[in-house]
Participant: 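To start, I am sharing the structure in question, which I have written as structure tokens.
Chain identifiers are assigned alphabetically (A, B, ...) following the order of the sequence lines, protein sequences preceding nucleic acid strands; residue numbering begins at 1 within each chain.
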Amino acid sequence: MTEESSTSKNFIEEIIDEHNRTGRFDGKVKTRFPPEPNGYLHIGHTKALVVDFGMAEKYGGSTNLRYDDTNPVKEDAEYVDAIKKDIHWLGFDYEQELYASDYFEPLYEMAVMLIKKGKAYVDELSPDEMREYRGTLTEPGKNSPWRERPVEESLDLFERMRKGEFPDGSKTLRAKIDMASPNINMRDPVMYRILHASHHRTGNKWCIYPMYDFAHGQSDSMEGITHSMCSLEYENHRPLYDWFLDELELFHPQQIEFARLNLTHTVMSKRKLRLLVEKGYVDGWTDPRMPTLSAMRRAGYPAKAIRNFIDAIGVAKSDSFVEVELLEHFVRDELNQTAPRRMAVLRPLKLIIDNYPPEQTEEFQVSDFPQDPDCQSGRLVPFSRELYIEQEDFMENPIPKYFRLSPEREVRLMSAYFVKVVSTDKDSDGNILAVHCTYDPQTRGGNAPDGRKVKGTIHWVDARHALNAELRLYDYLFKDEHPEDLPEGEVFTDHVNADSLEVLKDCKLEPSLKDALPGQPWQFVRNGYFTADSLASRPENLVFNRTLSLADSWAKIQGQK
RNA sequence: AGGGGCAUGGUGCAACGGCAGCACACCGGACUUUGAAUCCGUUGAUCCUGGUUCGAAUCCAAGUGCCCCUGCCA
């Protein structure tokens with residue numbers, strides 16, 4: 001439990017408190033979450049999402065969902081439903097569902113107003129020329145030759161741009177600000193460009209589309225957004241955000257920038273994620289190694305864990321890399337309380353109890369949450385003469401401090417009996433095929449009436465009733481700590497961990513797992529958390545995914561082999 | 001280089017002129033029907049220099065380092 005101290009406020013809350021003191025927004029807080037519908041939401045978006053919805057929630061306000069769809073060539077309706085599903089899964093609800101494209105008409109009117117005011121003009125510079133005229137970081141730009149054309153001429157041309165009289169790229173509408181501004185965003189930014197492209201919602205109605213900068217602030221304003229949170233790279237855009245609102249004399253929301261989320265061992269860049277999918281490094285956008293919300297949902301990450309994680313990382317303005325271990329901590333924390341414990345043998349070794357009646361079967365009541373002494377829920381697990389145990393739970397020549405099964409040592413089969421090894425079956429190469437043992441019938445349930453103790457307890461699955469399963473063990477996808485720093489393009493795929501997926505095809509599961517529902521997480525005794533796979537489960541050969549690395553426990557266990 | 005930001009243990013975030021704290025990680029210990037989990041504990045930080053002040057992470061000045069900006073992307 002991470003109870004954030006109630007006195008500690010992040011810098012956004014400080015700003016809102018200040019607004020409330022001065023009465024700038026009459027104590028109202030209204031926010032918006034503005035995804036561009038061009039891909040799946042990932043854990044990085046989730047930070048923005050939790051900040052946007054969370055701030056409104058905290059101050060008794062509300063949040064609009066607004067798809068930022070001002071660029072028809074990059075966006076698609078197929079992502080809209082996925083985005084909504086992810087928001088609801090995280091437990092948030094929005095007041096209105098809107099699109100930037102809802103505002104194309106009023107935005108057009110605003111552009112006309114600015115032209116009339118002498119604050120915007122139709123430019124005919126080519127993209128190359130415009131770059132040239134813009135100047136550089138250290139040198140001022142020069143005015144376009146079209147900058148001082150008569151208002152009437154711009155008005156006429158802009159109207160004809162809308163009518164589709166001109167080809168793509170031939171003309172733009174630009175704001176008349178200052179070509180010598182040290183902030184390059186203020187050097188007569190483009191407000192509208194010509195794009196003869198079909199828009200996912202407005203179809204072919206428009207062939208001119210507003211730029212982000214000309215759409216976002218006014219959209220915020222029209223919706224009565226008070227606090228418009230975005231990532232750090234928009235700091236340079238805030239003067240422009242403010243300029244449009246002031247020139248248009250509109251209600252003026254406050255833009256607030258904060259640092260986006262970077263996670264170690266993974267990337268957030270949609271471009272890079274797409275490359276992983278296209279190059280086949282992962283099995284689609286929902287591959288459990290992907291940082292998308294849909295992948296995390298499939299992998300069994302509880303929504304609550306993700307929200308706790310986002311709360312814990314805080315909100316600030318410094319660029320940072322959060323360790324993925326922190327995310328795993330919150331997932332584990334949540335799963336410990338919600339994922340029932342089951343016995344599963346990943347690498348089976350046959351264990352035969354020589355003195356157990358061959359035809360006999362008995363059932364043991366096993367708790368679903370063994371670490372909780374008050375736990376009432378449990379299930380019956382069958383037990384008979386032949387069982388499977390982990391290969392690594394038997395050592396013919398035990399190393400020091402090895403407490404599990406070895407010749408002459410008595411251990412407990414969890415919830416069942418004490419057993420002691422008597423012999424092993426080997427093939428001609430000396431490989432162990434099976435282990436023979438004897439059991440003590442007095443120790444039923446796992447306790448000896450004479451009070452003797454065992455140092456080791458191991459899990460098991462009855463051979464006759466075992467389910468066969470394929471288990472997929474996922475590790476970090478990137479070898480590098482900070483893959484977000486990797487080079488652009490295809491080169492970065494060299495940094496992908498080729499061993500990030502290990503498939504175990506001959507695993508043995510206790511029979512109660514037969515009814516495992518897709519997406520439901522289970523905690524396997526000593527083997528971590530697994531989730532039945534929604535895409536691949538089938539009755540006789542279940543497929544489970546394990547996504548938490550649990551690197552340390554594995555290192556310990558494997559280091560002793 | 002011009003402009004805009006940022007700088008606190010390994011990582012992330014607090015402390016807003018008054019004892020530098022929390023979480024994760026690490027290390028150590030305890031406990032357990034598995035060595036997992038859980039519980040307890042230790043180590044460890046204010047970018048540098050100067051100034052103001054009884055007192056500075058906090059205010060001031062000069063430096064250093066990192067990030068963003070030269071799309072008709074968002």
Participant: Can you give me the closest heavy-atom contact between A:E129 and A:E124, atom names plus distance?
Facilitator: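 Scanning both residues, the minimum pair turns out to be OE1-O, 4.3 Å.
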Participant: Scan A:S318 against the nucleic acid and name what it touches under 4.0 Å (heavy atoms): base, sugar-phosphate only, or nothing.
Facilitator: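 Answer is sugar-phosphate: A:S318 comes under 4.0 Å of backbone atoms only.
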Participant: If you check every side-chain atom of A:L137, which of B:C72, B:C69, B:U33 has the closest atom?
Facilitator: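 Nearest to the side chain of A:L137 among the choices is B:C69.
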Participant: Any base atoms under 4.0 Å from A:T70, or only sugar-phosphate, or nothing? Heavy atoms, all strands.
Facilitator: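 Here A:T70 touches the backbone only, sparing every base.
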Participant: Side chain of A:L326, heavy atoms from C-beta onward: which of B:C72, B:A23, B:A25 has the nearest atom to it?
Facilitator: B:A23
Participant: With a 4.0 Å cut-off on heavy atoms, is A:N38 in touch with a base, just the backbone sugar-phosphate, or nothing at all?
Facilitator: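 Touches nothing.
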Participant: Could you check whether the side chain of A:N236 and the base of B:G5 have a donor-acceptor pair of N or O atoms closer than 3.5 Å, going by distance alone?
Facilitator: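 For A:N236, whose side chain was compared with the base of B:G5, there is no donor-acceptor pair (under 3.5 Å).
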Participant: Under 4.0 Å, heavy atoms only, any strand: does A:S126 hit a base, just the sugar-phosphate, or nothing?
Facilitator: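 Answer is base: heavy atoms of A:S126 come under 4.0 Å of a base.
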Participant: If you check the A:K74 side chain, which of B:C13, B:U33, B:C73 turns out closest?
Facilitator: B:C73
Participant: With heavy atoms under 4.0 Å as the rule, sort A:H216 into base, sugar-phosphate or nothing.
Facilitator: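 Nothing, no heavy atom under 4.0 Å.
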Participant: Describe the nucleic acid contact of A:S415 in one word from base, sugar-phosphate, nothing, applying a heavy-atom distance below 4.0 Å.
Facilitator: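 Here A:S415 touches the bases of the nucleic acid.
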Participant: Quick check for you: among B:G12, B:C24, B:U33, whose closest atom lies nearest to any side-chain atom of A:R412?
Facilitator: B:U33
Participant: Can you tell me how far C1' of B:G71 sits from CZ of A:R187, to the nearest Å?
Facilitator: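 Roughly 15 Å, once rounded to whole Å.
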Participant: Check this one for me: any side-chain N or O of A:R193 less than 4.0 Å away from OP1 or OP2 of B:C73?
Facilitator: yes
Participant: Is A:Y234 touching bases, backbone alone, or none of the nucleic acid, heavy atoms closer than 4.0 Å?
Facilitator: base
Participant: Quantified in whole Å, what is the P atom distance between nucleotide B:A15 and nucleotide B:G55?
Facilitator: 24 Å
Participant: Heavy atoms from C-beta onward define the side chain here; which of B:C73, B:G12, B:C69 lies closest to that of A:I184?
Facilitator: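 The closest nucleotide is B:C69.
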Participant: What I want to check is whether an N or O donor and acceptor connect the side chain of A:D319 with the base of B:C6 at under 3.5 Å.
Facilitator: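 No such pair is found, so the answer is no.
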Participant: Would you find more than 12 non-hydrogen atoms of other residues, nucleotides or ligands less than 6.0 Å from A:E408 atom CD?
Facilitator: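 Atom CD in A:E408 is not packed in, count stays at 12 or less.
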Participant: Side chain of A:I313: nearest nucleotide among B:G12, B:A25, B:A23?
Facilitator: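 That would be B:G12.
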Participant: When you compare B:A25 with B:C39, how far apart are their P atoms, in angstrom units rounded to a whole number?
Facilitator: 11 Å
Participant: Scan A:M130 against the nucleic acid and name what it touches under 4.0 Å (heavy atoms): base, sugar-phosphate only, or nothing.
Facilitator: base
Participant: When syn is taken as a glycosidic angle within 90 degrees of 0, is B:G71 syn or anti?
Facilitator: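 Syn conformation here, the glycosidic angle of B:G71 being no more than 90° from 0.
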Participant: Regarding B:A74, can its base be found pairing with the side chain of A:H237 as donor and acceptor, where the two atoms are less than 3.5 Å apart?
Facilitator: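 Side chain to base: pair found, below 3.5 Å.
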Participant: For A:N64 and A:E223, test the side chains for any donor-to-acceptor distance below 3.5 angstrom and give the result as yes or no.
Facilitator: yes
Participant: Measuring from the side chain of A:P182 (C-beta onward, heavy atoms only), which nucleotide among B:G12, B:G3, B:U70 has the closest atom?
Facilitator: B:G3
Participant: Does the plane of the ring in A:H199 sit parallel, tilted or perpendicular to the ring in A:F104? Use 30° and 60° as the thresholds.
Facilitator: perpendicular
Participant: How far does the P atom of B:G65 sit from the matching atom of B:U49, given to the nearest Å?
Facilitator: 16 Å
Participant: Please give the distance between the P atoms of B:C54 and B:C13 as a whole number of Å.
Facilitator: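 Here B:C54 and B:C13 have their P atoms 35 Å from each other.
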Participant: Using atom P in both nucleotides, what's the gap between B:G3 and B:U42 to the nearest angstrom?
Facilitator: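 These two P atoms come out 49 Å apart once rounded.
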Participant: Of the listed nucleotides (B:A74, B:A23, B:G5), which one gets closest to any side-chain atom of A:K317?
Facilitator: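 Minimum distance to the A:K317 side chain belongs to B:G5.
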Participant: Got a salt bridge between A:E334 and A:K304, using NZ or NE/NH1/NH2 to carboxylate O under 4.0 Å?
Facilitator: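 Between A:K304 and A:E334 there is a salt bridge, with a charged N closer than 4.0 Å to a carboxylate O.
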Participant: Send over the distance from A:H482 NE2 to B:G10 C1', rounded to a whole Å.
Facilitator: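 In whole Å, B:G10 C1' lies 10 Å from A:H482 NE2.
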Participant: Using the P atom as the point on both nucleotides, what is the distance between B:A57 and B:G21, in whole Å?
Facilitator: 13 Å
Participant: Would you classify A:G456 as touching base, sugar-phosphate or nothing, given that sugar-phosphate means primed atoms plus P, OP1 and OP2, and contacts are heavy atoms under 4.0 Å?
Facilitator: nothing
Participant: Thinking salt bridges, do A:R147 and A:D188 make one under a 4.0 Å N-O criterion?
Facilitator: yes
Participant: Give A:N336 one of three labels, base, sugar-phosphate or nothing, depending on what nucleic acid heavy atoms sit under 4.0 Å from its own.
Facilitator: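 Since only primed, P, OP1 and OP2 atoms lie under 4.0 Å of A:N336, the category is sugar-phosphate.
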Participant: Identify whether any heavy atom of A:L263 sits under 4.0 Å from a base atom; if not, whether one sits that close to sugar-phosphate; answer base, sugar-phosphate or nothing.
Facilitator: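 Nothing: the residue A:L263, judged by heavy atoms under 4.0 Å, touches no strand.
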Participant: How about A:Y241 and A:H237: are their ring centroids closer than 6.0 Å?
Facilitator: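 No, they do not, as the ring centres are separated by 6.0 Å or more.
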Participant: From the set B:C6, B:C73, B:A25, return the single nucleotide nearest to any side-chain atom of A:E323.
Facilitator: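 Ranking B:C6, B:C73, B:A25 by closest atom to the A:E323 side chain puts B:A25 first.
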